[in-house]
Amino acid sequence: MTAKWESRLDQIGKGEASAAQFVDQAKKLSQHLVQDAKTRVEQLEVDPTQVPAKRARGATNRPVGICPVCQAELLDRGKFYGCSAYQKNNCGFTLPKTILGARLTQTELKKMLANGKTKPLEMKKNGRTFQAMLYLEQHQLKFEFVKGEA
């Protein structure tokens with residue numbers, strides 16, 4: 001079809017064919033294709049309960065702790081940790097797995113949730129490396145610089 005269109009466009013360029021007629025035929029073909037697609041979709045019989053949910057790469061959806069906001073399970077969602085009650089009660093608590101180049105592992109996350117802080121993590125910003133511990137304050141992730149760092 002592309003070859004036919006190129007040939008027709010070449011003819012239009014030479015004044016041997018009508019541009020209006022070409023556009024009209026292309027419009028009719030497009031309408032036919034869209035209607036055909038709609039009909040085919042309507043004929044599909046799909047059971048939504050049998051369609052597997054798409055998971056983010058690396059997401060295990062395993063519990064890794066308790067959400068400090070609503071006390072539901074905190075789940076591994078791939079690139080971040082997120083509250084399992086997001087859809088149920090609109091809890092939007094999340095934590096990134098990588099902060100300024102440092103990995104917030106499940107072990108460190110559990111330490112932070114249980115004891116208030118992570119161990120000192122090596123972070124980078126503007127080409128400078130420093131160590132800081134992560135903690136939550138009013139459900140917001142904060143940094144506590146290791147002495148001698150700033």
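- A heavy-atom distance below 4.5 Å is found between the side chains of K97 and R103.
- Remark: the backbone N or O of L75 is not paired with any side-chain donor or acceptor of S84 at under 3.5 angstrom.
- E108 contributes a side-chain N or O that, together with a main-chain N or O of K119, makes up a donor-acceptor pair within less than 3.5 Å.
- The structure places NZ of K110 at 10.5 Å from CD1 of I66, a figure rounded to the nearest 0.5 Å.
- Around atom CD of E16, more than 12 heavy atoms belonging to other residues, nucleotides or ligands sit under 6.0 Å away.
- At distances below 3.5 Å, not a single donor-acceptor pair connects side-chain atoms of S7 with backbone N or O atoms of A3.
- Within the 4.5 Å cutoff, the side chain of L109 has heavy atoms near those of the L74 side chain.
- With a 4.5 Å cut-off on side-chain heavy atoms, C70 and F93 do not count as touching.
- K111 is not listed as a side-chain neighbour of T118, based on a closest heavy-atom distance of 4.5 Å or more.
- Residues Y86 and T94 are not in side-chain contact: their nearest non-hydrogen atoms beyond the backbone lie 4.5 Å or more apart.
- Atom CD of residue Q140 and atom CG of residue L95 lie 9.5 Å apart, to the nearest 0.5 angstrom.
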Problem set entry | Verdict with supporting geometry, D24 and K28, side chain to side chain contact (heavy atoms under 4.5 Å, CB included) | CA-CA 6 Å; D24 187 49; K28 286 179 183 176; 3.5 Å; yes
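- The closest side-chain heavy-atom distance from N61 to R77 is below 4.5 Å.
- Residue pairs meeting the ring-ring contact (aromatic ring centres under 6.0 Å, His included) criterion with at least one member in residues 20-46, sequence neighbours excluded: W5-F22.
- A donor-acceptor pair under 3.5 Å links the side-chain atoms of Y81 to the main chain of L104, judged by distance alone.
- Y135 approaches G116 most closely through the heavy-atom pair CB-O, 2.9 Å.
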